[in-house]
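When a ligand or atom number is given, it counts from 1 through the structure's own listing order.
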Amino acid sequence: MNPVTKQQPAGGQTLYSDHRKRIALFGSTGSIGTQALEVIEANPDKFRVAILTGHSNHELLIEQALKFQPAYVVIVDQEKYLKVKDALSGTSIRVMAGEQSLEDAASLDIYDMMLAGIVGFAGLKPTLKALEGGRAIGLANKETLVVAGDIVMRKAVEKRAPVIPVDSEHSAIFQCLVGETRNRIEKIVLTASGGPFLGKKPNYLVNVKREHALQHPNWNMGAKITVDSATLMNKGLEMIEAKWLFNLRPEQIQVVVHPQSIIHSMVQFEDGSIKAQMGLPDMKLPIQYAMAFPMRIPNQFPRFDFSKSAQLAFEPPDIKTFRNMALATEALYKGGNLPCILNAANEIAVYGFLRNRIGFLDMTEVIERTMLNIPFISDPSLEEYFESDAEARNFAASIIQI
Ligand code: NDP
Ligand code: MG
């Protein structure tokens, strides 16, 4: 499809225009990335792809590039460079490789919005580069805000670059806040599905393996966030993400378990009124909302049907059993580099668990010991965040001997 072709359908409306939003899709080979491409494919008159990036999945990256014809692709794994380069040699697509290329691509003046769908700490640097250039961010990569939320949000304000959440809970809160700029938030309520082990106790969790943890009841996501959902670390990271996105005090953030995942989160205002955003669990909706903001655009996604539905239930999270959430809450309250340390240790612990090196409950142990071991810094610079991340990773890796 030629991106600038204009066609006049029967209604006389322009089907394609050159005003389409140019999307730089970072992490295009992942769960968020592939769903974002489905949204783009369904809306060829509104979006086009400027940049695609993948880490190791060169086959999918090549397929995506041939289909969506971006100006640039980045393959982080340098060993795959020649394969990608060869496969795209008959096209005008430029190929870059290596970690630094993510930042180089993010600095290019060829896109309007970065969809930040890389997993983990690796998403931070390219997102900062995009903000430096004043680009809008559709933020799925919550770790960026967990690690250095103060610096990231300050940069966004300085550059007047909007940060629009993609994480479903934060998208829900963002949507509830539309039209409420003059009104104060009393608190927000983040909903949690509870994950595959809702109601289970340590005597069960001690035997849990990778295959069990990767079965999420409501959402189909990448491996790391699926494990984070099973340990409730995901909700802990989301509390910290919410603090920075919505400028909240820790006491204003509450978590409630809602196993059906129909209410995606809620805001309670100063008058006690509560707004909720609801719908079937489908990440394409918050992805589409972030990309099209401030417009809502029609789609064919399945709808929630009140006439058929079962009950919506709520209960408090069991943070005595799922201690990762308690550790994340501690990091949320204490601030400084503690969330960065928590995140780094968690990334290593999840890596170790996914490779069957440690058990489910050992992940908490690794994180806790790392949080106790790495020196606390109350107001870190970006450099200090990077150092804390590296120190925490090394320490956590030494515990599990990887
Ligand atoms: P996936 O594991 O499915 O995808 C991760 C993407 O990042 C892939 O494109 C992968 O490349 C790339 N990647 C992995 N490591 C690196 C690295 N070191 N440097 C650069 N790129 C890398 O993850 P998800 O799509 O599930 O999650 C992405 C982010 O979105 C996470 O932060 C997650 O918390 C957040 N999120 C995800 C949701 C979901 O439904 N999936 C919901 C809400 C938030 P490759 O595959 O080629 O190796
Ligand atoms: Mg979420």
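Geometrically, Lys284 does not engage Tyr289 in a cation-pi contact defined by less than 6.0 Å to the ring centre and at most 45° from the axis. Figure legend: cation-pi geometry between Lys85 and Tyr81 absent, as NZ or CZ is not positioned both under 6.0 Å from the six-membered ring centre and within 45° of its axis.
Side chain to side chain, Thr144 and Asn141 meet the donor-acceptor criterion of an N or O pair below 3.5 Å. Counting only N and O atoms by type, the side chains of Gln35 and Ser31 include a donor and acceptor under 3.5 Å apart. A side-chain donor-acceptor contact under 3.5 Å links Ser171 and Gln175.
Taking a heavy-atom cut-off of under 4.0 Å, ligand 1 is surrounded by Gly27, Ser28, Thr29, Gly30, Ser31, Ile32, Gly54, His55, Ser56, Asn57, Val76, Leu102, Gly117, Ile118, Val119, Ala122, Ala140, Asn141, Lys142, Glu143, Asp167, Met221, Gly222, Ile225, Met283.
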ring-ring contact (aromatic ring centres under 6.0 Å, His included) evaluation trace for Phe322 with Phe197: CA-CA 10 Å; Phe322 295 93; Phe197 307 130; 7.5 Å; no
Residues Phe293, Phe174; criterion ring-ring contact (aromatic ring centres under 6.0 Å, His included); working and verdict: CA-CA 11 Å; Phe293 182 78; Phe174 189 89; 5.1 Å; yes
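Remark: Asp109 engages Arg135 in a salt bridge, criterion side-chain N to carboxylate O under 4.0 Å. Salt-bridge formation is not detected for the pair Lys129/Glu132: no Lys NZ or Arg NE/NH1/NH2 atom is positioned less than 4.0 Å from an Asp or Glu carboxylate oxygen.
By the criterion of a separation under 2.8 Å, the protein N/O/S atoms near the Mg ion (ligand 2) amount to Asp167 OD1, Glu169 OE1, Glu238 OE2.
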